[in-house]
Amino acid sequence: MPDSRADSLATAARRQRRLEAALPWLVIGGAFFLWEAGVWLLGISPFILPAPSAVVQAGLRWWQPLMQDSLVTLGTTLLGFAMAIVFGLALGVAIGSSTLVYRGLYPLLIAFNSIPKVAVVPVLIVWFGIGIWPAVITAFLISFFPIVVNVATGIATVEPELRDVLRALGARPLDIVRKVGLPRAMPYFFASLKVAITVAFVGSIIAESVAPNAGIGRLMMVASSRFDVPLVFAGLVVTGVMGVLLYWIAERLERRVTGWATRGQEGLTPGG
Amino acid sequence: MEIADVAMRYGGAEGTLALQGCSLSVQEGEFVAVVGPSGCGKSTLMRLVSGLWPASAGQVWVAGREVAGPVPLVGMAFQNPTLLPWRSILDNVMLPLEVVPAHRARLRAERAAYEAKAEALLKLVGLEGFGKRHPHQLSGGMQQRTSLCRALIHEPPLLMLDEPFSALDVFTREDLWAVLQDVWLERKPTVILVTHDLREAVYLADRVLVMSARPGRIIAERRVDFPRPRRLEATYDAEFNAVVAELRALIARARAGEEPDA
């Protein structure tokens with residue numbers, strides 16, 4: 001009976017989708033379970049590796065400073081990230097659409113990106129003093145590079161024939177960037193956002209640990225100086241959760257804006 | 001359109017010479033096909049005529065004016081349809097209108113009229129009702145039809161086609177020959193079709209020009225006087241095949257680097 005066969009296929013597909021949705025949670029749960037079991041079975045001291053249950057306890061006990069500091073870190077990260085988006089888009093467009101700018105700036109950019117940002121933080125403190133700015137600027141410095149590279153790649157790889165079609169019609173370089181380059185670079189841009197947002201967190205937390213003023217980085221420094229290792233781990237977990245959350249937002253946005261690049265399943269292809 | 005003794009060299013004085021002493025002229029409303037061995041500079045010729053590159057020597061005239069830079073007198077289509085995947089078919093066809101200065105100023109005010117024009121073109125190539133679709137929902141042949149519409153939307157006096165059908169399967173290609181012939185018969189643009197396919201050249205063109213191996217120039221031409229509209233079945237007639245065979249012999253000699261006697 002073809003009907004029951006189609007039904008069972010549909011059921012199998014539904015089961016597959018449910019499994020795919022549940023899988024990340026299962027893996028996370030499983031990892032925590034193994035961690036907990038390992039710590040208990042091997043009798044590892046909480047100063048070396050606290051069990052997840054101890055981390056949760058520490059997190060609950062210190063939830064107020066934990067929330068406060070993570071909000072500070074979230075704020076500085078987002079501010080730096082926003083600056084990186086604006087600057088990265090502008091520079092990416094400039095580099096991608098002009099060979100001169102590319103040749104001139106690219107070596108400098110590479111050199112700059114190779115500098116460990118930890119080394120820059122003391123300089124930033126000299127310039128801006130202790131406060132949120134060293135963290136904001138470190139987050140910005142560390143996260144703009146992937147955005148620049150990806151946007152530039154998207155714009156520079158416009159098909160030469162398409163460029164010819166538009167140029168022959170009298171299009172100015174700016175027209176080509178606006179009509180073709182930028183929309184074409186969008187998938188690259190969103191791909192880079194997902195990398196940039198996670199490294200932006202790295203940037204703020206580095207700055208917060210080098211110049212402990214506020215934020216989750218400072219909280220972890222303070223906790224480790226008091227040998228409160230479970231609290232350090234609670235800080236790490238909160239940071240991870242924030243990273244995943246922002247990554248998820250970036251991905252949602254990507255799907256809305258550049259759905260054309262992922263080609264939905266609706267694509268029916270009549271002959272002709 | 002007139003090309004007088006044009007030469008084109010890439011990459012400085014030591015660079016590759018793509019064209020040399022290349023002259024040809026095309027009447028208004030004429031359909032000309034350019035055939036030749038691969039790498040003979042056919043695509044270079046296209047870019048010179050559309051003003052994308054300046055010629056190293058010689059002159060190019062289109063519609064009584066010397067071509068010095070890009071002028072929107074030319075519509076172009078290539079082997080690859082180069083549609084924008086994020087735009088609907090209709091918006092893809094209308095792209096040139098957003099760029100050509102004469103049209104972009106009026107596009108906002110007269111959008112409906114322009115859209116009607118684009119729809120009419122889509123209908124002409126057999127894509128009626130597909131305007132709202134996106135390129136990835138269409139087959140290769142349909143994408144190439146869209147590309148043809150995009151080349152025609154700003155009503156250029158000259159249509160340059162660079163192997164537009166060579167990536168398609170035989171049946172789709174023959175369908176599109178018929179479509180192109182219909183479009184040409186209705187609108188009568190001047191057409192220069194660059195192709196490797198001799199049957200295609202003979203079926204579509206009034207005149208077939210044969211280019212030499214690099215550096216390319218025109219070494220022979222053959223008028224094709226079959227009555228229009230030409231039927232696809234006619235491409236299997238003895239007369240038709242005689243013309244194809246004649247051209248094939250010319251190209252074989254061009255590849256060997258010999259001068260034709262004629």
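Just so it is clear: chains get the letters A, B, ... in the order the sequence lines come, proteins before strands, and each one is counted from 1.
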- Item | Exam field: side chain A:S98 to backbone A:I95, donor-acceptor pair closer than 3.5 Å | no
- Query: Using non-hydrogen atoms only, which part of B:L84 is less than 4.5 Å away from chain A: side chain, backbone, both, or neither?
  - Reply: side chain
- Task: Sort out for me which of A:D164, A:V180, A:L166, A:I176 touches chain B most, counting heavy-atom pairs under 4.5 Å.
- Result: A:D164
- Task: Let me know if A:R184 has heavy atoms under 4.5 Å from chain B in its side chain, its backbone, both or neither.
- Result: both
- Query: Residues of residues 90-97 of chain B under 4.5 Å from chain A (heavy atom pairs)?
  - Reply: B:L95, B:P96
- Message: Surrounding CG of A:L9 (heavy atoms of other residues, nucleotides or ligands, distance under 6.0 Å), is the total greater than 12?
- Response: yes
- Task: Using non-hydrogen atoms and a 4.5 Å limit, figure out which bit of B:V74 sits close to chain A: side chain, backbone, both or neither.
- Result: backbone
- Message: Is it true that A:S204 and A:T73 share a donor-acceptor pair across their side chains at a distance under 3.5 Å?
- Response: no
- Item | Exam field: side chain A:R167 to backbone B:L52, donor-acceptor pair closer than 3.5 Å | yes
- More than 12 non-hydrogen atoms from neighbouring residues, nucleotides or ligands closer than 6.0 Å to NZ on B:K123, yes or no? no
- Would you say the side chains of B:T172 and B:D175 form a donor-acceptor pair under 3.5 Å? no
- A:F144 and A:F112 aromatic ring geometry - parallel, tilted or perpendicular at 30°/60° bounds: tilted
- Message: So for B:E98, is it side chain, backbone, both, or neither that comes closer than 4.5 Å to the heavy atoms of chain A?
- Response: both
- Query: Going by distance alone, is a donor N or O of one side chain under 3.5 Å from an acceptor N or O of the other, for B:T195 and B:E200?
  - Reply: yes
